[in-house]
> 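Take this structure first; my questions come after.
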There are 2 protein chains.
Amino acid sequence: MTNPKPDLWFSFVRSHRALIREIERRLAEAGLPAYGWYDALWGVESGKNGTRRMHELADALVIERYNLTRLVDRLEQEGLVTRARSPEDGRAAYVTITEAGRSLRKRMWKIYETAVNELFLPQFDIKAQREVSEALDQAALAARQSSQSVQ
Amino acid sequence: MTNPKPDLWFSFVRSHRALIREIERRLAEAGLPAYGWYDALWGVESGKNGTRRMHELADALVIERYNLTRLVDRLEQEGLVTRARSPEDGRAAYVTITEAGRSLRKRMWKIYETAVNELFLPQFDIKAQREVSEALDQAALAARQSSQSVQ
DNA sequence: GCGATATAATTGCGATTGCAACTCACTGGA
DNA sequence: TCCAGTGAGTTGCAATCGCAATTATATCGC
């Protein structure tokens, strides 16, 4: 029995589900849209001039392109972002956040941040926060590299 | 700027997505069903006599009841589990894993375990594995308690 | 300069998820 | 005993996701 026990992994997936579920619950309770919208809005807003290319955004959010297309469709319909094609590269599509988008993101952040600060972060001291964060980034990198090495 | 920075949180959600995506990719590549099936099969198999009650299972998997109903529908259709109602409590439904279910779970586990051992666990030393696991369990507990305190 | 290949984004369609409503069975107090 | 309340599980329907194919543009090799 020298094998590593994957307890940590199962704690990881279970806690992720429990936390996301609770965050979604709080957002819904406050009449705000689902959690995924926050990520997308922030991904756009944090780009240069509040703009990002689609594939760059999909990559940052770790979601599939076709799902991003339709997520952005929905955001656009609500007037939270605008979409434009690039004159230089006819394939490229740019997404830009609107004022309404910024405002909604801020309102969502209040709820979201509170939940994270209350439920998640206190379980780690400052040193652990940095270390675990780095370990998780490494794991994400390993996962991406593994998938690319096949493709 | 004494506020906690939620970097750890974002590493958490991003790494989760990247890892799940890569695990799904490997399972699909091996011609095996999606990741969620593993969890469900293990949830059933690990119960007394390879049996569990629906609501107990939903709770363990941290998924909603109505989703479990339909997940079990699919597993049942594939002959991986059987379903039975309780004679004592007419409301209760029991799910039991079949031999085919056990066998499939084992095959999935080979792929799944390899991925976790290769991509995730090596990022943490043994001591960190225990500590982080406990911290995450605490966070999950806090999330559950928070949702219950409202309900 | 032109065909083969690669990249970006999108779309059709079937599978899965989420919400709200529903059925059926147990429980506890008047 | 009977009926309001609660718990377990399921279902209808709309929203979202995942896969494979499609469109449009750019790039590479000759």
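So you know, we letter chains A, B, ... as the sequences are listed, proteins then strands, and number each from 1.
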> Tell me which of A/Trp37 and B/Ala92 sits closer to the 5' end of DNA chain D, going by the nucleotide each one is nearest to.
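Counting from the 5' end, the first nearest nucleotide belongs to B/Ala92.
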> Of the nucleotides D/dA8, D/dA20, C/dA6, which one has an atom closest to the side chain of B/Arg91?
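Looking only at side-chain atoms, B/Arg91 lies closest to D/dA8.
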> Is the backbone N or O of A/Val62 less than 3.5 Å from a side-chain atom of B/Arg14, with the two atoms forming a donor-acceptor pair by type?
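Side chain of B/Arg14 to backbone of A/Val62: no pair is present.
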> Figure out the CD/P separation between A/Glu76 and C/dA9, and round it to whole Å.
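In whole Å, C/dA9 P lies 14 Å from A/Glu76 CD.
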> Whole angstrom is fine here: how far is it from CZ in A/Arg65 over to C1' in D/dC17?
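The answer, rounded to whole Å, is 17 Å.
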> Without decimals, in angstroms, what is the distance between B/Tyr94 OH and D/dG9 P?
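In whole Å, D/dG9 P lies 9 Å from B/Tyr94 OH.
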> Reckon A/Glu24 touches a base, only the sugar-phosphate, or nothing at all at heavy-atom distances under 4.0 Å?
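No contact.
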> Okay, side chain of B/Arg65, backbone of B/Met54: is any donor-acceptor separation there less than 3.5 Å?
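The answer is no, because no donor-acceptor pair under 3.5 Å joins these two groups.
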> Tell me: CG of A/Asp73 to C1' of C/dA9, nearest whole Å?
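About 11 Å, once rounded to whole Å.
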> Residues two or more places apart in sequence or in another chain: which of them pass ring-ring contact (aromatic ring centres under 6.0 Å, His included) with B/Tyr38?
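Result, ring-ring contact (aromatic ring centres under 6.0 Å, His included) vs B/Tyr38: B/Trp109, B/Tyr112.
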> Out of D/dA26, D/dT10, C/dT17, which has the shortest distance to the side chain of B/Thr69?
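Selected nucleotide (nearest to the side chain): D/dT10.
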> For a quick check of understanding: with a heavy-atom distance under 4.0 Å over all strands, which category does A/Arg21 fall into, base, sugar-phosphate or nothing?
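The answer is nothing, as A/Arg21 stays clear of every strand by at least 4.0 Å.
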> Between the main-chain N or O of B/Thr51 and the side-chain N or O of B/Asn49, is there a donor-acceptor pair closer than 3.5 Å?
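Such a contact is absent between B/Asn49 side chain and B/Thr51 backbone.
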> Tell me which nucleotide among D/dG9, C/dA20, C/dA25 gets nearest to the side chain of B/Asp89.
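The closest nucleotide is C/dA25.
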> Starting at CG of A/Leu71 and ending at P of C/dT11, how long is that distance when rounded to a whole Å?
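Roughly 14 Å, once rounded to whole Å.
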> Distance check needed: D/dG9 P versus B/Glu88 CD, whole Å only.
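Rounding to the nearest Å, CD of B/Glu88 and P of D/dG9 are 13 Å apart.
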> Just by distance, do the side chain of A/Gln123 and the backbone of A/Leu119 share a donor-acceptor pair under 3.5 Å?
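Between the backbone of A/Leu119 and the side chain of A/Gln123 there is a qualifying donor-acceptor contact (under 3.5 Å).
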> Where the side chain of B/Glu64 is concerned, which of C/dT11, C/dG18, C/dA9 is the nearest nucleotide?
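Out of C/dT11, C/dG18, C/dA9, the nucleotide with an atom closest to B/Glu64's side chain is C/dG18.
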> Please table the atom pairs, donor to acceptor, closer than 3.5 Å between any side-chain atom in residues 130-140 of chain A and protein atoms at least two apart or in another chain.
unit_1, atom_1, unit_2, atom_2, d
A/Ser133, OG, B/Ser11, OG, 2.9
A/Asp137, OD1, B/Ser11, OG, 2.9

> Under 4.0 Å from OP1 or OP2 of D/dC19: is there any side-chain N or O of A/Tyr66 that close?
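Yes, because at least one side-chain N or O of A/Tyr66 sits under 4.0 Å from OP1 or OP2 of D/dC19.
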> Whole Å only: how far is the CG atom of A/Leu68 from the C1' atom of C/dT11?
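In whole Å, C/dT11 C1' lies 15 Å from A/Leu68 CG.
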> Report yes or no: is there a donor-acceptor pair, N or O only, under 3.5 Å between the side chain of B/Arg70 and the base of D/dG12?
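Such a pair is found, so the answer is yes.
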> So what does A/Arg85 hit on the nucleic acid, given a heavy-atom distance under 4.0 Å: a base, only sugar-phosphate, or nothing?
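Sugar-phosphate contact only - A/Arg85 comes under 4.0 Å of backbone atoms but never of a base.
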> Under 3.5 Å, is there a donor-acceptor pair between the side chain of A/Arg52 and the main chain of A/Gly43?
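Indeed, once roles are kept as given, a pair shorter than 3.5 Å links the two residues.
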> If we count only N and O atoms by modelled type, under 3.5 Å, do the side chains of B/Thr114 and B/Arg26 hold a donor and an acceptor together?
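The answer is no; no qualifying pair exists.
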> What is the distance, rounded to the nearest whole Å, between atom CG of A/Asn67 and atom P of C/dA15?
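My rounded result for the distance is 17 Å.
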> Using a cut-off of strictly less than 4.0 Å between a heavy atom of the residue and any atom of DNA chain D, enumerate the qualifying residues of residues 48-63 of chain B by number.
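When residues 48-63 of chain B is checked for heavy atoms under 4.0 Å from DNA chain D, the hits, listed by number, are B/Arg53, B/Met54, B/His55.
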